[in-house]
Amino acid sequence: MIAQTTSDPAERGALAFVRSAPAPDLPPPMASVGWIGWLRANLFSTPFNSFLTVLIVLLLAWVIPPVIRFLIVDAVWTGADREACLSLPAHPHVGACWAFVRDRLAYFTYGSYPISDRWRVDVFFIMLAFGTAWLLWLDAPRRGLGAFYFFVVLPVTSFFLLYGLPPAGLEIVDTARWGGILITIVVGWVGIVISLPLGILLALGRRSQMPLLKVLSIAFIELVRGVPLITVLFMASVMLPLFVPPAWSPDKLVRALVGVALFSSAYMAEVVRAGLQAIPKGQWEAAYVLGLGYWRTLGLVVLPQALRVTIPNILNSYVALFKDTTLVFFVGIFDFLRTIEVARADPKWATPVTSTTGYAFAALFFFLCCYSMSRYATSLERRLAAGERR
Amino acid sequence: MTPAGLGGEDPELGRVTSEFAVEIRHLHKWFGEFHVLSDISLTVGRAERVVICGPSGSGKSTLLRCVNGLEPYQKGEVVVDGIVLTNDLKRIDIVRREVGMVFQQFNLFPHLTVLENCTLAPIHVRKMPKAEAEEIARHYLKRVRIPEQADKYPSQLSSGQQQRVAIARALCMGPKLMMFDEPTSALDPEMVKEVLDTMVELARDGMTMLVVTHEMGFAREVANRVVFMDAGQIIEINTPEAFFSRPQHERTKLFLSQILD
């Protein structure tokens, strides 16, 4: 074979040896495979990278052990009051006071919701978890029905469940008594449920041919995006009562919900607009010439494609929205963070570690919620990318 | 040639009985200041095949897009199957149901399967039961010779197959007129023939066709008349035989010498 590919006749004659079988595969050099190869390629590829690796390892060694010691090793898991979490000669180093969190967990979850009615909140949590799972599980049966349940049935039933329906034996529970994780979930969920449809409408308005609609949409989006959420919340809770007679003035929680929903829909509008812009004009035209009008073209052809490409961004906005719900704290609503604020000031549990423990618990809660949303977004992104390659 | 609104089948739609599939009378269109179509008059008879050719930017595609209301026009009149096309959205939608259109870029719906692409409009516009729509879709997919691709997604098909799906999708609405806007210009060269063959078959079955194309072989084979456009005007209309062998106009001669050699 080699001899045939050589063009020079003299050289061809000079070849004394021609291999008759292909050479066997050689194993790769030791230093390029296995864990040694991995280390060399990823951690110690250049002197500077080696230096960075050592620096980061030292940093982790400095930070992680004390955190673990505080949160787990030295932590106090049981106890009835502050005595358990005080530094005593027997155990001088006191870590996180988880006994405090365990003791106040019901308060963190329900706020001041009447104890005898807390089952209603539990039912709401279960219904919400069910709806969310149905919607997020992409291969679930009857997903259209799932969306109807999540966006229509659930909001109505949970309103009566949580607020009350006297004829059905559910006593009215004033929203001033709602609190904790319940409030955080309700605010986040209402923001999520309202901001998507409203954001789609605003995005369509912004791209509309009708000048008035277009100007109004742009004005709303830019105005809301140009103002911090805390300002929107203050305006909703402080300024609104100035314009509306007291009897008409909506509930404090409702005002905050409206503020959060409007704020997030302005952001959602921009996310959806990016998706709409990614759909070529030819898709609209192809649907138009088949006789599908504007709304059917939108619903059957454009939005399914536009939302598909924006789902990761939509979930990203949801993560931001969920964290932003803590700002309702400032307009006097007892969200999860506020309950921790109140509980840590309780003399019954006043110890040097109570505040740290409370905030660590809050951080853990938000991290778990947001990280799972972001993991879901990542897996969805991967799945959709696979769909595009079909 | 009855004026709109006087007599006819459906006065509300301005529908009149017309011997023509399309009548375009003294049509003018401007894009801003640019006079893109100037005094266009053209009729397409029933079962007639008209091929429009001309250099790029001559307004061929815009003319087609005026016939199904994708582009508004400022002056003149377009009558499709006896319906005077105005800015009335209801009328435009009715005209669009009767007029199929095939685009240069196929414009299939990528999130739907081939079969779903074909059944979408019959189900949602014609209110056809799903089973019936699928039966019709499979019939036309067989006619464009890709019945086995029905459950695939457009991105899994070759460009020629995609364009044939686009033709089948338009046929599923049972159009009275089919318009083709440079249907072979975006195809890989080896796929041009399969799409042209499909169009030739369609012509043989008696479909009324209005085709913008540079495929002169196709024009020779199926066209009843060839229209040459340049700079927004119709320069020459003739039978294919006369058009190719005895072009009347200097600009036509120049154009033909550029594309045929």
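Atoms considered below: every heavy atom in the structure, side chains included; atoms not considered: hydrogens, waters and symmetry mates.
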Other residues, nucleotides, ligands: >12 heavy atoms within 6.0 Å of B:Lys130 NZ: no
With a 4.5 Å cut-off on heavy-atom pairs, point out which of B:Leu70, B:Asn68, B:Val99 contacts chain A the most. B:Leu70
Proximity of residues 287-296 of chain A to chain B, residues having a non-hydrogen atom under 4.5 angstrom: A:Ala287, A:Tyr288, A:Val289, A:Leu290, A:Gly291, A:Leu292, A:Gly293, A:Arg296
For the CD atom on B:Glu135, are there more than 12 heavy atoms of other groups (residues, nucleotides or ligands in this structure) within a distance under 6.0 Å? no
Spell out the residues in residues 211-226 of chain A that have some non-hydrogen atom less than 4.5 Å away from a non-hydrogen atom of chain B, in order of number; otherwise answer 'none'. none
Heaviest contributor of heavy-atom pairs below 4.5 Å to chain A, chosen from B:Arg126, B:Gln105, B:Arg169, B:Lys152, is B:Arg169
Against chain A, label B:Val125 side chain, backbone, both or neither, depending on which of its atoms sit under 4.5 Å from a heavy atom there. both
B:Leu108 portion near chain A, given a 4.5 angstrom heavy-atom threshold: backbone
Do A:Val301 and B:Leu112 pass the side chain to side chain contact (heavy atoms under 4.5 Å, CB included) test, and can you show the C-alpha distance, the side-chain angles, and the key distance before you say yes or no? CA-CA 9 Å; A:Val301 175; B:Leu112 301 177; 5.6 Å; no
Around B:Phe31, counting heavy atoms of other residues, nucleotides and ligands shown, do more than 12 lie under 6.0 Å from its CZ? yes
Chi angles and distances behind the side chain to side chain contact (heavy atoms under 4.5 Å, CB included) call for A:Glu285, B:Arg65: CA-CA 10 Å; A:Glu285 291 182 346; B:Arg65 293 162 64 86; 2.5 Å; yes
Which bit of B:Phe103 is near chain A, if near means a heavy-atom gap under 4.5 Å: side chain, backbone, both or neither? side chain
Indicate yes or no for a side-chain donor-acceptor contact from B:His111 to the backbone of A:Leu300 under 3.5 Å, with no hydrogens or angles considered. yes
